Amino acid sequence: MSFPLLTATAALPALGAIATAAVPAARRTAAKWLALLVSLATLVLAVVVLVRFEPGGDRYQLTESHAWIADFGVRYELGVDGIGVALIALTALLIPFVILAGWHDADPLETRSSRWRPTQGFFALILAVEAMVILSFEATDVFLFYIFFEAMLIPMYFLIGGFGDRAHAGTDEKAAAQRSYAAVKFLLYNLAGGLIMLAAVIGLYVVAGNFSLQEIAEARANGTLDMATSTERWLFLGFFFAFAVKAPLWPLHTWLPNAMQESTAPVAVLITAVVDKVGTFAMLRFCLQLFPEASKWATPVILVLALISIVYGALLAVGQRDIKRLVAYASISHFGFIIMGIFAMTSQGQSGATLYMVNHGISTAALMLVAGFLISRRGSRLIADYGGVQKVAPVLAGTFLIGSLATLSLPGLAPFVSEFLVLVGTFTRYPVIGIIATFGIVLAALYTLVLYQRTMTGPVKPEVSAMPDLKVRELVVVTPLIALLIFLGVFPKPLTDIVNPAVEHTMSDVQKQDPKPEVEAAK
């Protein structure tokens, strides 16, 4: 047997989570270093997966398949395509920065019992989320995917509800109630989507007789599995609803601003840069591959919902007073672009959507983590409590500016390439949708530049006059992310070479070809 590389990539953080949680209460620093080393080792394995993957090879590579629940046709099946590889690499890359950025976020308060181990629990939960997200990107058995799609809600619930923003931490009952509300809302929304998906998963088994993504897709392609139109549409809606909640797509988005507001900055990054990507990834892998005709049937409505997400999220971001809520609504707008690119049914749109998932993860991590460093210094999330920071902490302000510019997709930074491809791919098939979506770019420039102006420029407020600049640990977190934003902004080819073959397979699934440009014949 060949080495089970995909299993190892997910099993390592899972085992690391158990080991971190078992570290004695008095050894908090040891728990932090253990979690960091496990995340770095996972990154090494993810790089090996990336190197071993052949973009021009089979659609699913490094596959593993073992009997699991044979009586119900459930198998332990793993495999990665170009899209999965890119997102596994993104996840493994971000987790070490999340751990470093949250190095002191779970240090116990003096009022807590010495037997309480918040530090160990915090980092163990982060590693658990990483393991489940990576398995979600690898699973090619629908039931196996569903298990980890739902299981990741448990550690995320405790990360949101149990480890709130230190700007509002302590024994304050109102702050604790707000954290609890955000965590419960996150859990209920996603559980509702998961339960509906479970019904669709059962329905798919009744129709197909197994849960293997590849076998079902092949049977659909060669005509041996003939699914009634109404059945396919109902099953598609069950899957899509769960993914739209996770994504999050308007009007199923309302859990995200609360969750990000009440979380620590690293956990907020974990939510929007890592966990939410499972929703958009699953739209490409499962919705389009399993239900191609239903996907085309639902496209007009989905594009309208994506367009609403783009404009609505950007408009609400403009009016936010809270830094974290602003980033949350900006992310809702960005996810609208991703979903629009997926369902534009063009190679440019889907390539752009996949690049957007990766680039949004990096840019949001850079902006949110720097914002977390800023908030931890001032003790407030309110924009109005800042002013003149660039005069007292120029490095912090400079990194915050680059993260903000990446958020508005400035040319030369990574998100620009993906957003441009999404808009071009959408415009070639749905010009009206593409034109209206560009309004989101204008609004993005407004909310990001206004945020920077109000926090970093102007007179120095007395409360920030003694604010220290970024420390070595914080620079280690931010510098690589900014370097990646610049590198992928000027040279995205390494990423597009991996992604494009997978997009071609997806386009083949839905039997779509790119529209030919209408050129007036020469006279």
Side-chain angles (χ1 to χ4, degrees), residues 97 101 165-168 257 260-261 264-266 268-269 272-273 313-331 333-334 360 362-416 441-486 489:
F97 298 127
D165 187 347
R166 280 298 172 98
H168 298 275
M260 288 187 65
Q261 175 182 303
T264 65
V269 170
T272 190
L315 281 172
L316 265 65
V318 171
Q320 291 304 308
R321 300 178 180 179
D322 185 298
I323 297 174
K324 287 186 177 179
R325 289 185 72 90
L326 187 151
V327 177
Y329 280 110
S331 292
S333 181
H334 295 151
H360 171 264
I362 299 171
S363 62
T364 298
L367 178 60
M368 190 74 249
L369 293 179
V370 176
F373 299 149
L374 180 70
I375 292 168
S376 66
R377 284 160 165 75
R378 175 67 177 84
S380 173
R381 301 187 304 247
L382 298 179
I383 297 172
D385 289 339
Y386 297 88
V389 174
Q390 67 180 13
K391 296 178 182 178
V392 297
V395 177
L396 188 155
T399 54
F400 190 84
L401 177 61
I402 295 174
S404 300
L405 294 177
T407 300
L408 64 84
S409 300
L410 183 76
L413 297 176
F416 169 76
I441 301 175
V442 178
L443 292 174
L446 180 60
Y447 63 69
T448 53
L449 294 178
V450 168
L451 171 64
Y452 182 84
Q453 179 191 32
R454 291 179 178 176
T455 55
M456 302 296 165
T457 66
V460 179
K461 289 198 172 184
E463 294 83 359
V464 303
S465 59
M467 181 177 290
D469 214 333
L470 292 182
K471 302 174 182 178
V472 174
R473 173 179 59 87
E474 295 165 337
L475 285 171
V476 170
V477 170
V478 176
T479 303
L481 296 175
I482 292 176
L484 268 176
L485 288 174
I486 297 171

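Everything quoted here is computed from the prediction, not taken from an experiment. For this chain, numbers begin at 1 and follow the sequence in order.
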By side-chain contact (heavy atoms from CB on, under 4.5 Å) - contacts of Arg321 (at least two apart):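 Counting only residues at least two positions away or on another chain, Arg321 forms no side-chain contact (heavy atoms from CB on, under 4.5 Å).
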
Those residues that, when tested against Val460, pass side-chain contact (heavy atoms from CB on, under 4.5 Å) (two or more places apart):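 Only Lys391, Val392, Val464, Ser465 meet the side-chain contact (heavy atoms from CB on, under 4.5 Å) criterion with Val460.
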
What heavy-atom pair brings [X] and [Y] nearest, and what distance separates the two atoms?
X: Ala265; Y: Lys324; value: N-NZ, 3.7 Å
X: Leu485; Y: Pro415; value: CD2-CD, 4.1 Å
X: Asp322; Y: Arg381; value: OD2-NE, 2.8 Å
X: Ala330; Y: Ala317; value: N-CB, 4.1 Å
X: Ser363; Y: Ala406; value: CB-CB, 3.8 Å

For residues [X] and [Y], determine if any side-chain heavy atom of one lies less than 4.5 Å from a side-chain heavy atom of the other.
X: Leu367; Y: Val327; answer: yes
X: Ile323; Y: Ile383; answer: yes
X: Val478; Y: Phe97; answer: no

Using distance alone, with no hydrogens and no angle criterion, decide if Ser331 and Thr272 have a side-chain donor and acceptor under 3.5 Å apart.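 Checked: Ser331/Thr272 side chains pair up, N/O donor to acceptor below 3.5 Å.
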
Start with the C-alpha gap between Met260 and Arg325, add the side-chain angles, then the distance that decides, and say whether side-chain contact (heavy atoms from CB on, under 4.5 Å) holds. CA-CA 7 Å; Met260 288 187 65; Arg325 289 185 72 90; over 6 Å; no

Could you check whether any side-chain N or O of His334 sits under 3.5 Å from a backbone N or O of Tyr329, counting only pairs where one atom can act as donor and the other as acceptor?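 No, because the side chain of His334 does not come within donor-acceptor range (under 3.5 Å) of the backbone of Tyr329.
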
Check side chain to side chain donor-acceptor pair (under 3.5 Å) between Arg377 and all other residues, then give those that pass, not counting sequence neighbours.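 Expected list: Glu474.
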
What donor-acceptor contacts under 3.5 angstrom involve side-chain atoms of residues 368-376, with partners at least two apart or in another chain?
from	atom 1	to	atom 2	distance (Å)
Ser376	OG	Gly372	O	3.3
Ser376	OG	Phe373	O	2.8

Got a second to check how far [X]'s [atom1] is from [Y]'s [atom2], nearest 0.5 Å?
X: Leu475; Y: Leu470; atom1: CG; atom2: CG; value: 5.0 Å
X: Ile402; Y: Ile486; atom1: CD1; atom2: CD1; value: 5.5 Å
X: Phe400; Y: Leu405; atom1: CZ; atom2: CG; value: 10.5 Å
X: Leu413; Y: Leu484; atom1: CG; atom2: CG; value: 12.0 Å

Please list all pairs meeting salt bridge (Lys or Arg N to Asp or Glu O under 4.0 Å) that have one or both residues in residues 446-470, counting only residues at least two apart or in different chains.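 Every pair satisfying salt bridge (Lys or Arg N to Asp or Glu O under 4.0 Å) with a residue in residues 446-470: there are none.
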
Could you tabulate the donor-acceptor pairs under 3.5 Å formed by side-chain atoms of residues 441-452, not counting sequence neighbours?
from	atom 1	to	atom 2	distance (Å)
Thr448	OG1	Ala444	O	2.7
Thr448	OG1	Ala445	O	3.4
Tyr452	OH	Gln390	OE1	2.9

